[in-house]
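Chain naming here is simple, since letters A, B, ... match the order of the sequence lines and numbering starts at 1 in each. Reckoned from all heavy atoms, side chains included, excluding hydrogens, waters and symmetry mates. Predicted model, so just to flag it, every value in this text is computed and none were measured.
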Amino acid sequence: MTESISPPAVEMRGIVKRFGPVIANNHVDFTLEQGEIHALLGENGAGKTTLMRILYGLYHPDAGEIRIKGQPVVIHSPKDAIAHGIGMVTQHFALAAPLTVAENVVLGYTDGFRLDLPAASQKVLDAARRFGIEVDPNARVKDLSVGQRQRVEILKALYRQADVLILDEPTAVLTPQEVEQLFEGLRRMQSQGLSVVFISHKLHEVMAITDRVTVLRQGEVIGTVRTQETTPAELARMMVGRPTFGVSKPDTSPRDDVLLRLEKVAALDSRGLPAVKDVTLHVRAGEILGLAGVSGNGQRELAQVLEGVRRCTGGYIVANGHDITNAGPRKVMAAGVGRIPEDRHESVVLDLTVAQNMALEHLDAYTRGGVLDKKRMRAHAEQLIEAYQIKARPDDPIRTLSGGNMQKVILARVLERNPSVIIVAQPTRGLDVGATEYVHQKLVEQRERGAAILLISEDLDEILTLSDRVAVMYEGEIMGIVPPDVDLETLGLLMSGVRIANEPENTEAA
Amino acid sequence: APPASAPESDKAGEKTGVLNVFGAYATAIEEPWDGVIHSALNKAQDEGKITYTYTDDIGYSGDMERILREVAEKNKPDIIFGDAFGNEEAVRRVAKDYPEIAFVFGSGGGPAEPNFSVFDNWIHEPAYLSGMLAGAITKSNKIGVVGGMPVPEVNRIVNAFIAGAEEMNPDVVVLTSFINSWFDPAAAKEAALAQIDAGADVLFAERFGVIEAAAENGLCAFGNMSDQRELAPDYVVSGPVWHMEPTVNYIIDQVAKGAYTAQDLKDFSMMGKGGASLAPINKDVKCAEITDELIQKVKEREEQIKNGTFRVDINEAQPPASTK
Amino acid sequence: MKLRIEKSPAPVWFRPLIPLLAILFTILITSVLVILVGANPFHAFYYFLIDPLSSRVSFIEVLVKSTPLLLTGAAVTFAFVGGFWNIGAEGQMLMGATAATAIGIHMHAAPPWVAIPLMLAGGFAAGMAWVLIPALMRVKLHIDEVVTTLLLNAVALLIVSAILNGPWRDPVSQWPQSPEIAASAIFPKLIPRTRLHLGFLIALAVILIVWFILTRTPFGLKMKAVGLGPQAARFAGINVDRTLLISALVSGGIAGLAGVNEVAGIHYHLIDAIAGGQGYTGIIVATLGGLNAWGVTLAAFFIGLIDTGSQTVSRALGVPIYLGDVIQATLLLTTLAFLLFQRYRIRIR
Amino acid sequence: MEQAVWLTFLVGVLAATLRVATPLVWASIGEVYTERSGVLNLGIEGIMFLGAFVGFAAAAKASQAGLPGYLWIGLGAAVLAGVIMALLMGLLSVTLGVNQHVSGLGITLLSIALSMFGFRLVFGESKVLPSIEPFGQIAIFGNIPILGPVLNQYLLTYVAFLVLVPLAWWMLYRSSFGLSLRAVGENPEAADAAGVNVYRIRYLALIIGGAFMAIGGAFLSLAQLGAFSPGIIAGRGWVSIALVIFARWDPVRAMWGALLFGAVSALQLRLQTLGFQLPYEAFLALPYLITIFALAIAGRNAPYPGAYLKPYRRE
Ligand SMILES: Nc1ncnc2c1ncn2[C@@H]1O[C@H](COP(=O)(O)OP(=O)(O)OP(=O)(O)O)[C@@H](O)[C@H]1O
Ligand SMILES: Nc1ncnc2c1ncn2[C@@H]1O[C@H](COP(=O)(O)OP(=O)(O)OP(=O)(O)O)[C@@H](O)[C@H]1O
Ligand SMILES: [Mg+2]
Ligand SMILES: [Mg+2]
C-alpha cells in the first residue's frame, strides 16, 4: 500500500472518556490515513462526536494517546488542534452571526494585533477560490443560508491550513444539491492531500464518498472496513448489532375525505419577505402527503403556519372541519392536529422534566380544581415511556435525553391523542438507523389508523418511501404533485423550479 | 480605633461617676452635622466625664428605631445623643418607652416630656457675620451660595448670610443653588462653577465641594459648620462654626445631678453661650484684601450679638435663587 | 493551576452544609480585617451571627428586618421564574410606598379594615403600574427588561424626591418627608412593645401564595415553561406574552407591597430612603434562595440576620460600622459561589 | 451686553458638559468592553467608588510622604483596585458562572463597604474632609478668547475624548483583540472552536473595563474634587449602564451619550442660577427616560451581544 510509507495523519490509541457513569469512549483506537475520507458510523450516543471533540481539544480524554503524523501530542484546546492542522465543523455551527464571513474566518487566527480587514477579506477570497467555495467575505453570517454557513465553517478550517478536516453530520441540514456540492468540494480537497473524518447516519452517503469506515457502538470500536469491500446492510448490522429492515408501507389506499385543506395559503418569513405563496394542498384520511423541496423554499414557514406559530397572511386552512387559519396553537390542537416540528428544541422545554413536557400541551387535563395533578402527570408519563420504549424516567430533565429519545417523547405526546391530522417536519434528522426506523414505523401506523399526514422532509429517501403522493415546493409555491414512484429526474426538475405540464390540482382529482 | 470592649462590659456605667453616653447618627460622621456632635462627645470622653460609644451611618430606612431600642435594652446608657431628622417619629417613639434615659437629639421639632430634648445648629449669627465679610469683599457684587436642601436649618443660615451681605453692600446680588442632596461634592462643585460663570466672585460653601471650585478660580469662599480653612488656606476667609460642647456639657451636668428635664437647647448652640462662633478670620487670603477696618466692623457686630444688643433675624423661608 | 467546573451534583447530605461552609470561609477571610481594627474575630462573629438570635428582642428585630426582604425576594423570584428579569423591585417598591402614603394620609375617617386593604391594593397596583412599561416593552417590542427596569429605579427615586420636595414636603419640619399616615392605616403590632407588625404575616402569606402558584398550579408550570423555553412554550399553546406580562405585573405588585409594608409598618410616612436598596437585596435573596419560596424565606431571614448583626458588631466592639458591610458583602459573594457546589464540582488541576 | 451674558453662559455650559461627561466616558467605555464580551458588570457603581477612594487615599499618603508624582501614584492605585475587583467579578461570573446580576450587585456592595471601611482606617474620624492638591486643568488654551474656558480641561478629560474614545473604537473594530472580544460576546462556542480562549478574553475585557471604571471614579477624587466623600459617585455608575445601552454598545456613541448627559446636568445647574425654577428631578430623570425612549425606538433591533448574561462552560 502506498500510504503505509507516510505516517497516518491521525492516530488515536486507547481513548477513554467518561461522563459520570456513562463511558462515551471505551479504549477507542482510530487511525486516519493521509489523504483518505474516513467515515465514523454509529447509533446516537455511540461516541462519535465525543471522539472527535477529544481530537479537536474540546474534551480531555481520561486515558489514551494521540499521534499526529506519527508524533505524540497533547491537545489542550482547539487552539492546539488548529496548530496541529486539525479543523472541525461541528454539528451546531460555531459562527458569530452578526460578524462578517471574513471576520468569522480570521477569528482567532490573525497575525499581529492590528486587524487588516481588507487584506483578510482578500485572503479569505483566495482560500475560497482554491477550494472552489463560493462565498462573499463581506456578507454578514446572519444573512446566510444553512448551506452557505457550512461552507464558511469549512473555509474557516481550510484557512487555518488544516490538513485534517472533521465534519460532524455535515449533511444533516443540507439539501441533496448541497450535499452533492459538498461532496465535490471534499473530493477536490482530497485530491489536494487533505484527510477527512466524515460522520453521518446516512449509509448511502458513506458508501458514496468515503474510503474507509469505522463503526462505533456504545463507545467501543466494532471494526474498521474498506468502503469498497462492504455493503450498507453489513454496516447497519455492525452499528445496531442486528440486521435492519426498511419500513414498508402497507398497500392500502387513502380514503376520500379530505381532513386537511390548505387554500391559497400565504406567509412571510422572519425578515418579512413572502415565503409561502398561494399554497393549495389537500390531504386525505389515511394518506401521507410528502412535501419535498430544497431547504429554504418555504417549507419551514409553511409548517409553522400549520402548527399555529406563524401568521398566515392569505388564504385559509381547514383541518378536520375546523377553520384553523391564524387560530394559534391551542385551537390548532383542539381541531385534532398533531404537530411534530422540525427543530426538536422548538417544541420541548429543555429544562423541564419528561413528564412536564408530556403534559404541557394539555395542562387542562392535569388540573383538578385549579391545582396541578402531579400524580396523574407522572402516571401518564410512565405509561408513555413504557409504550414508546423511551429510555428516560418521568422526572429526568428532557435536556438529558438523546436526540432519538427526545423525538420519541414528542412523538408519544402527539400520537397518544390520536390526531386526525399530523404535521410532521424532518422527523428523523440526526437520528440513527434504529431510531429512524422506529419513527417511520409509527408514522405508517398512523396512516393505517386513518390520519391525514403532511410529511415535510428534505430527505428524499424518506419522502419517497413513506408518501402516497409527493408535492414539491419551490420558492414558496407548489410546483407539482407527483406519485412516489416518479423518476428522480422529474423530481429534480420540479425542485429546481421547473413546472411540469399538468396542473397540480389535476393530480388531486385522480 | 477605639479599644475593643469585651462582651461582658455591657453592664458598665452605674450612675456612680462616669456617665454612659451613646451616639446614634443617621449619616456617616464625616458628614459635618453629625461630625460636630461626635467630636464634642469625644472631647467629653477624653476629659473623663463620660464613656462614649456610637453607631453612625444608620440611614433612614428603619434601622434607627431598632438600634435605639437595642441600645436602650442592652447597654442602658444614661444619655443618647443623635440626629432625629428623617427618623423623627421613630426616635420619639423610643424615647417615650425609655423615660429613664435622656434623649438629646438634633431636631426641627420641640422637646417632649419627660425625657426628649432637642437641639439644632443655630449658627445664623456667625452666618450673618460671614455675610458681612462676603458683602464687603465682593467686587462683582455677586455672591454665590450652594446649599444641600432647602430645609429650615439651612434656610435660616443662608438667609442670615444674605442679610449680612446686604448690610455691608446694598447692591449685592446673592445667588442660591440647592443640590438636593446632603453629600454630593461633585454636584456642589458644579453648582458653584455655574455661579462663578454667572459672575459670582465670593462663595458660601454650605456643603462640601464648593471651596474647591472657589480655590480653582482664585476666589474667596466661606466654610460652614466647622473651620474649613485647611481645605484651601489661601481662599477660605472664614465661616460660621457650630460647637456642641456647651450643649453636651450642660446635659452631662444635668443628668449627673439628676436634674435633667426635656427642653429646647437652642440657646446652647448660639453665640451667647459659645455654641456658635465665627471661624478665625483669615487675613492671608490671596483672593481679596481683608482690611483691619472691616475686621473691626465685624468684631463690633459680634460683640453686639453676644451682649444681646443686636439680633439676627431668624428667617426659615427658602431663599430665592437670586436676590435681585 | 487551572480551575475546571464539572457538572456533578453534591450528595444530599452535603447540601445543608454548603451555607455553613460559606460562612466559615467568610469568617476566615474577613478575620484579617477584624484583626486589623484591633478586634477579636471570635467576638466579632459572635455578634454577627449569634447575638441577634440570642435575645427575644433582637430575634424579633431580625424578623422585622426580614419582612421587606421576604416580599422583594418573592417579587423577584416570581419574575425570574417567569423569565422576566426584573431588576426594578426597588422602583416598584418606592411606587408602592408612594401609593400607600397617598391613601394612608387620607384615611383618618376610615377604620383599619378599610384603610389597610385599600393601602395594600393601592401599593400592589402602583408596583404593577411601574413595571407595566418595561413589561409591555418586553412583550411588544422585545426590549430587554434588565435595563429598563434598572433605569426606572432611578426615575422612581427622582419622582419620590420631587413629590417630597414639592407638594408633600413636611409642613412642620420642612424636611423632604410626607405627612404621617392616619393611625387607622398603620399596621397593628403583632407583639406589644416590639416592632413586629402585620406586614410580617402578610409577607409570609405572600410567600405561601407564591409557593402555591409556582409549584401547584398550571399557571406556575406555564410560567416555568415560558421562563425556560419561550419558543417551546408558545409551541405548546401557552400564551407566552400573557404569561410573561402576568409574571411581571404580579412581581411588580409584590414589590409594591414591600413598599406598603415599610410605610404602614415602619415609617408611617414616605421618605426617599424608604426602599433603601431592599429592592436590590431582593435579587440577592431570590438568587440565594434558588428561586423557590422556601429558599427565599431562608435567604430573607439570613440576610435579615446578618444585616442586624453587622450593626451589632460595630456597636459592641467599637469597630467602624462598615466592617459589618464588608463582611456582609463578602458573605453574599461567598455563598453565591459556594451554592454552585450543589450542582457542580470544581476540579483543580 | 445681553449677548456677552449669553456667550458666557454658553461657554460655561460647554466647559461643564465636558467635565461632567468625563467620568461617564471612562466608565461607560469600560462597561462597553465588558458587555461586548457578554458580561454585564453591575459592579460598575462600586468599582467607580473604590477607584475614587483608593486613588485618593494612595495620593494622600504619597503626598504626605512627599512623593512628587503622588497623583499618578493615586491613579495607578485606583487602576489596580479596579483590576482586582474585575478579577473578582471574573472569578464569579466567568470562571464560576454565577448569575451576573447578583455577582455585580455584590461587587458594588463589597467595593463601597471596603472603601468606607478603608476610609475610616486610613483617615480616622476626620472633622474636615481630608483633601489634596488635585490635578490642575491644562491652561495652555486659556488665552484663546471665548473658547479658552472650554478648552481648559483636565488631562484626564483630554485623554478621555481624544485618546480613549478613538482607541476604544479602534481596538474594538480594527484589532484582532476586538474581533475576538466581539466574537466571544456573540457566540463563545464559536470563538472557542476558532481557537480563541473565551475565558482569557472575558477576563481581559473585565480587567480593561474595571480599570476604566476605576479611572472614571478616580477622576472625581483626584481631579475634580481633590477629596473623597461618601456621596462621590452618586449613581454615575448606573447612568453609565444606561449610556451603554443607549449607545448600542458602541464607544463613540457612548461618548455622545455622556456628552448629552453632561449638557443636561450643566444646563440644569445654570438655569437654576439664572432663576429658572425647574424641578431638578425632571432634568436628572432625562437621561434615563431618553435611554428608555431610544430603546423603544430601536426596538427589537437593539443589538444585544448574543451571549449577554450567559456564562460559558465548555463541558
Ligand atoms: N457533555 C456531556 N455530558 C455528559 N454526557 C455526555 C456529554 N457528551 C456526551 N455524553 C455522553 O456520551 C455518549 C456519547 O455521546 P456522543 O455525542 O459522542 O454520541 P454520538 O455518537 O455523537 O451521537 P449522535 O449520533 O447522536 O451524534 C452519550 O451517550 C452521552 O450520554
Ligand atoms: N450537557 C449534557 N449533559 C448530559 N448529556 C449530554 C449533554 N450534552 C449532550 N449530552 C448527551 O450527548 C448525546 C449526544 O448529544 P448531541 O448534542 O450530539 O445530541 P444528539 O443526540 O445528536 O441530538 P441532536 O443531534 O438532535 O442535537 C446525547 O445522548 C445527550 O444525552
Ligand atoms: Mg454526535
Ligand atoms: Mg447527533
Next on the checklist: Counting only heavy atoms not in C:Ile133 (residues, nucleotides, ligands), do more than 12 fall under 6.0 Å from its CD1?
Outcome noted: no
Next on the checklist: Please rank C:Arg234, C:Lys222, C:Lys224 by heavy-atom pairs under 4.5 Å with chain A and give me the top one.
Outcome noted: C:Arg234
Item to check | Nearest atoms (heavy-atom pairs only) where A:Leu363 meets C:Pro218 | outcome: CD1-O, 3.8 Å
Checklist entry - Quick one: does A:Val371's side chain get under 4.5 Å of C:Phe212's, heavy atoms only? => result yes
Item to check | Interatomic spacing from OG1 in A:Thr367 to CZ in C:Arg216 - rounded to 0.5 Å | outcome: 13.0 Å
Checklist outcome for this item: Tightest non-hydrogen contact, residues C:Ala233 and A:Val349, listed as N-CG2, 4.4 Å
Checklist outcome for this item: Turns out that what part of A:Val309 lies under 4.5 Å from chain C's heavy atoms comes down to both
Checklist entry - Counting heavy atoms not belonging to C:Phe25, are there more than 12 under 6.0 Å from its CZ? => result no
Checklist entry - In terms of heavy-atom proximity below 4.5 Å to chain C, should A:Arg339 be classed as side chain, backbone, both, or neither? => result both
Item to check | Distance (rounded to the nearest 0.5 Å) between A:Leu372 CG and C:Leu214 CG | outcome: 12.0 Å
Checklist entry - Would one find more than 12 heavy atoms of other residues, nucleotides or ligands at under 6.0 Å from atom NZ of A:Lys142? => result yes
Checklist outcome for this item: Tightest non-hydrogen contact, residues A:Ser347 and C:Ala232, listed as C-CB, 3.7 Å
Checklist outcome for this item: Interatomic distance, CG@A:Asp343 vs CZ@C:Phe235, rounded to 0.5 Å, equals 10.0 Å
Checklist entry - Quick one: of C:Asn239, C:Leu228, C:Ile213, who has the most non-hydrogen atom pairs under 4.5 Å with chain A? => result C:Leu228
Item to check | Rounded distance (nearest 0.5 Å) linking atom CG of A:Leu360 with atom CD1 of C:Ile238 | outcome: 4.0 Å
Checklist entry - What residue in A:Lys374, A:Arg330, A:Glu346 has the most heavy-atom pairs under 4.5 Å with chain C? => result A:Glu346
